[in-house]
Every structure is written in C-alpha cells, then in structure tokens.
Undergrad: 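Structure incoming, see below.
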Amino acid sequence: EPLAAVTVRELKPSDWAAGKVGRDYDVSVVANCHARPSRLSGFIVGVQHGVYWDRPSSTFRLGRGSLNRAVTAFRALHHHGVMERFHHLVCVDYNFPNCTASIRPPLDWDRVTVIPNFAPRAAEPDLSRPIRRLVFSRRLVTHRGTGVFVDALLRLHAGGWEGGIHIYGEGPEKARMRDALAHLPEVSFGRLSFHRRMEAFRSDAIAVVPSLSTEGTSLACLEAWSAGAVVVSTGVGGLSNLVLDGVTGFIARPDGAAFADVLRRVSDLPMEALERVRRTAFEASQGSFGVDRWRESWRGIFELRGRVGH
C-alpha cells in the first residue's frame, strides 16, 4: 500500500535495458535479488524468495559425480554472495540466511530482515469436520513432489482409502500423474485461476505439500491453513519455518511410503487432536502470517533508509 509522500513506480527488466531507469529514487526494491541493475541509486533492497539451488541441475546431466558436486558448490557460493549486492536484503524465510551464515560466515544480520509471505484473510472455518479428502494444489512439476504424492496415493488406495483425492494445477508432470492414477476412481484433476485458488481447500481436507526442493514460505501451506485444512508436508526449505510436527501440521520424509504412513495416521486422529492442530494453524495464518503484519514489516524496511544514512 502506498505510504505518505511516497510515489510507487513499477519497473521491468526491459526498462533497464532501454535506459529508462533514472537515478532519482530514494528506495529501489529489486523483487528478484539475483538481478542487480547497474543504474539504480539510493537505498537498494533485494528480495530473496528462498533457496532454489538445492534442486539438481537441469542444465547439465551430470549424474551424482564430482562434477555435479562442484557445480552445486559453485552455485551455492554464487547465490549466497547476493548479500553483497544490496544495502538490505528481505528474505521470505530463515532458511536462506541460516544457509548463508554456514557457507559464508559471518552473516551481517543487521542487513537482513525476514518477512514471510502472507496468508489470505479469512473468517474462522468449521474446525470440527472429519477428514474426507486429500488435496494437492501446486504446479505439477517434479520438485513439488508429484512422484512422492503419486506413490503415496497408490499405497493409500491399496490400503483401502475411501476419501476423495483432488489434484489442482498444471505442469509437465500432469500426463504422467493421470496415467499412474487412471485406475483410481476417487481421483479428480482440476484447474483453478489465481482468484479462485482458495476453492481447493476446505476444513475437511488434508493439504499435501511434498516438496523436494525450491521451497520458500509455501503459499499452498498458508492458504490451506486459512481454510482450516490440515497440512502434511516435508521439512524442505521454508516449510521448516511453518510446519511444527503435531502443532501446526505434520511432517513426513520425502518418499511415498513415509507420506502414506503419515496420511493414514492423521486421518485416524481423534477429532479433538485434529481440531487443536487446525486451530493453531489457522490462528498462525491470521496472526504471525497475516497481511497486516506483512505490511507493517515492509513499512519498517522503507523507514530503514533514514536510520542507515542512505
């Protein structure tokens, strides 16, 4: 939201390439911190959206040998050097600054602020409904855990799961998932626009977030919490800042057997235990991860300029 006496102008990479960026800005916010345009001036803030170089390289088919490890190490050092490009860095989770502190110590914590993504505003849902459905609402790509989810579903089906299974999203793994699950009548595929995305989640659902890599503050997790759904996830990346096992959700190892076991256990929990986890997660979504707190945190970033002398 605009602050008093502040003019907000959105600039695109093409503006920099065309030389349209002036030098008269008090504060410049670079939404992708791995770009640093040379024409910016004033107090420059980068936004770091989470560790994404933990995904195996798709550019080089290097296998698991020494060359792969060398490329991975180089990428890590390169990306952690982002701290040197800005006066201040906003991170969406604590995973990046903690990784940076271990790879390139010491970390200058005075130049880092963690501002998680925010959850949608929501009225409190009915938190006493029994579990009747599983929901996977993500982009259908390998690193979002599509293979883990399919394996878990096949195991659940073999064990007699009777609830609905709803998959929302598009991506290169969709055809593979359809083929693997074609014999399961309880599985449905759908697609929701950004403005309708919350229709995927209800308080009678388990939202499955089986990410393998490249995860910041998971919007799928926050949106599920806002709807009163129970989240079962891995502990990858920023998910470890959100899901406390048995408190705000449940954590499983990133493999199909482990997910199937946890999904069975959660679906069999007493209603009192389910309601306690749902309520804790919902309150966190509207409090710690609420949009008002997010706005106040960003207001503090703009006020930093005067305190640090830029």
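Numbers here simply count residues along the sequence, with the first being 1.
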Undergrad: Please state whether the rings of Phe302 and Trp298 are parallel, tilted or perpendicular, taking 30° and 60° as the class boundaries.
TA: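 The arrangement is tilted - the two ring planes meet at 30° to 60°.
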Undergrad: Show, in sequence, the C-alpha distance, side-chain angles and deciding distance for Cys221 and Val243, and conclude whether the side-chain contact (heavy atoms from CB on, under 4.5 Å) test is met.
TA: CA-CA 9 Å; Cys221 177; Val243 181; 4.0 Å; yes
Undergrad: Kindly check if the number of other-residue, nucleotide or ligand heavy atoms within 6.0 Å of CZ (Phe189) is above 12?
TA: yes
Undergrad: What is the distance from atom CZ of Phe149 to atom CE of Met177, rounded to the nearest 0.5 Å?
TA: 6.0 Å
Undergrad: List the atom of Asn117, the atom of Phe289, and the distance in Å for their closest heavy-atom pair.
TA: O-CD2, 4.0 Å
Undergrad: Side chains of Val30 and Ile44: does their closest heavy-atom pair fall under 4.5 Å?
TA: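 Heavy-atom side-chain distance check passes, below 4.5 Å.
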Undergrad: For the residue pair Val112 and Cys91, what are the closest heavy atoms and their distance?
TA: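 Nearest heavy atoms, Val112 then Cys91: CG1-SG, 4.0 Å.
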Undergrad: How far apart are the C-alpha atoms of Phe118 and Leu222, what are their side-chain angles, what is the distance that settles it, and do they pass the side-chain contact (heavy atoms from CB on, under 4.5 Å) test?
TA: CA-CA 7 Å; Phe118 61 86; Leu222 294 175; 6.0 Å; no
Undergrad: When you measure from the side chain of Ser128 to the backbone N and O of Glu275, does any donor-acceptor pair fall under 3.5 Å?
TA: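 Checked: no pair found.
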Undergrad: Under 3.5 Å, side chain of Asn241 to main-chain N/O of Tyr94, donor-acceptor pair present?
TA: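 Answer holds: yes.
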Undergrad: In Å, rounded to the nearest 0.5 Å, how long is the span from CZ of Phe250 to CG of Leu263?
TA: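 CG of Leu263 is found 10.5 Å from CZ of Phe250.
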Undergrad: Please give me the minimum heavy-atom distance between Val51 and Phe96, naming the atom from each residue.
TA: CG2-CA, 4.0 Å
Undergrad: Determine, using the 4.5 Å side-chain heavy-atom cutoff (strictly less than), whether Leu181 and Val148 are members of one ILVMFWY cluster.
TA: yes
Undergrad: Is it true that, when you exclude His195 itself, more than 12 heavy atoms of the residues, nucleotides or ligands shown sit nearer than 6.0 Å to its NE2?
TA: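 No - once you tally the heavy atoms of other residues, nucleotides and ligands closer than 6.0 Å, there are 12 at most.
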Undergrad: Enter the distance from Arg132:CZ to Ser267:OG here, rounded to the nearest 0.5 Å.
TA: 13.0 Å
Undergrad: Measure the shortest side-chain to side-chain distance between Leu156 and Leu134 over non-hydrogen atoms and say whether it is less than 4.5 angstrom.
TA: yes
Undergrad: Any side-chain heavy atom of Arg155 within less than 4.5 Å of one from Phe259?
TA: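 Answer no - side chains too far apart.
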Undergrad: Check Ser203 against Arg278 and note the closest heavy-atom contact, atom names and distance.
TA: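 What the structure gives for the nearest pair is O-NH2, 2.7 Å.
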Undergrad: Glu173 vs Arg139, test: salt bridge (Lys or Arg N to Asp or Glu O under 4.0 Å). Steps then yes/no.
TA: CA-CA 9 Å; Glu173 292 299 304; Arg139 180 157 168 73; over 6 Å; no
Undergrad: With heavy-atom distances below 4.5 Å as the criterion, would you say the side chains of Thr217 and Leu242 are in contact?
TA: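 When only atoms from C-beta onward are counted, Leu242 and Thr217 do touch, with a gap below 4.5 Å.
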Undergrad: Is Glu296 salt-bridged to Arg299, going by a charged N under 4.0 Å from an acidic O?
TA: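 Here Glu296 pairs with Arg299 in a salt bridge, since their nearest N and O are under 4.0 Å apart.
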Undergrad: Quick check: closest heavy atoms across Leu212 and Thr142, and the distance to 0.1 Å?
TA: CD1-O, 3.5 Å
Undergrad: Counting only N and O atoms by type, is there a donor-acceptor contact under 3.5 Å from the side chain of Glu223 to the main-chain atoms of Pro120?
TA: no
Undergrad: Should we say atom CZ of Arg293 is surrounded by more than 12 heavy atoms from elsewhere, each under 6.0 Å from it?
TA: no
Undergrad: Over all heavy atoms of both residues, which pair between Ser218 and Arg138 is shortest? Give the atoms and the distance, please.
TA: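 Reported closest heavy-atom pair: OG-NH2, 4.1 Å.
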Undergrad: Does Glu215 reach the side chain of Ser233, with side-chain heavy atoms less than 4.5 Å apart?
TA: no
Undergrad: Compute both the distance and the angle, then confirm whether Arg279 meets the cation-pi test with Phe282: under 6.0 Å from the six-membered ring centre, within 45 degrees of the axis.
TA: no
Undergrad: Would you compute the distance between atom CG of Leu269 and atom CD1 of Ile206 and round it to the nearest 0.5 angstrom?
TA: 8.5 Å
Undergrad: Starting at CH2 of Trp161, measure out to CZ of Arg133 and round the result to the nearest 0.5 Å.
TA: 10.5 Å
Undergrad: Between Trp225 and Gly249, is there a donor-acceptor pair closer than 3.5 Å when you use the side chain of the first and the backbone of the second?
TA: no
Undergrad: Starting from Met198, can I reach Leu219 by hopping between I/L/V/M/F/W/Y residues whose side chains sit under 4.5 Å apart?
TA: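 No, Leu219 and Met198 fall in different hydrophobic clusters.
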Undergrad: Counting N and O atoms only, with roles assigned by atom type, does the side chain of Thr234 sit under 3.5 Å from a partner on the main chain of Ser211, one being a donor and the other an acceptor?
TA: yes
Undergrad: In sequence, state the C-alpha distance, the side-chain angles, and the governing distance for Leu140 and Ile167, and then conclude on side-chain contact (heavy atoms from CB on, under 4.5 Å).
TA: CA-CA 9 Å; Leu140 304 182; Ile167 300 171; 4.1 Å; yes
Undergrad: Show your working on side-chain contact (heavy atoms from CB on, under 4.5 Å) between Leu244 and Ile251 and close with a plain yes or no.
TA: CA-CA 8 Å; Leu244 301 179; Ile251 292 179; over 6 Å; no
Undergrad: When hydrophobic residues are tied together by side-chain contacts of less than 4.5 Å, even through go-betweens, does Val187 share a cluster with Phe136?
TA: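 Val187 and Phe136: one cluster.
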Undergrad: Between Thr100 and Ser102, is any pair of side-chain heavy atoms under 4.5 Å apart?
TA: no
Undergrad: Would you find more than 12 non-hydrogen atoms of other residues, nucleotides or ligands less than 6.0 Å from Arg176 atom CZ?
TA: no
Undergrad: Hey, are the side chains of Thr214 and Arg144 touching, using non-hydrogen atoms and a 4.5 Å cut-off?
TA: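 Yes, side chains in contact.
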Undergrad: Kindly say whether Ala284 contributes a backbone atom to a donor-acceptor pair with the side chain of Ser288 at under 3.5 angstrom?
TA: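 Checking the backbone N and O of Ala284 against the side chain of Ser288, no donor-acceptor pair under 3.5 Å is found.
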Undergrad: Find the distance between CG (Leu89) and CH2 (Trp109) and round it off to the nearest 0.5 Å.
TA: 11.0 Å
Undergrad: Going only through I, L, V, M, F, W and Y residues with side-chain contacts under 4.5 Å, is there a path from Val262 to Ile165?
TA: yes
Undergrad: Treat each ILVMFWY residue as a node, draw an edge where side-chain heavy atoms are under 4.5 Å apart, and state whether Ile115 and Val27 are in one component.
TA: yes
Undergrad: Is the shortest side-chain heavy-atom distance between Leu154 and Leu184 below 4.5 Å?
TA: yes
Undergrad: Between the side chain of Asp93 and the main-chain N/O of Gly50, is any donor-acceptor distance below 3.5 Å?
TA: no
Undergrad: Please confirm whether the backbone N or O of Phe86 pairs with a side-chain atom of Arg111, one donor and one acceptor, at under 3.5 Å?
TA: yes
Undergrad: Tell me whether the rings of His87 and Phe43 are parallel (<30°), tilted (30 to 60°) or perpendicular (>60°).
TA: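 Geometry flag for Phe43 against His87: parallel rings.
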Undergrad: Do the side chain of Arg295 and the main chain of Asp292 share a donor and acceptor less than 3.5 angstrom apart?
TA: no
Undergrad: Does this structure show an ion pair linking Arg265 with Asp261, if we count only N-O contacts that are shorter than 4.0 Å?
TA: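 Not counted as a salt bridge, because no side-chain N and carboxylate O are separated by less than 4.0 Å.
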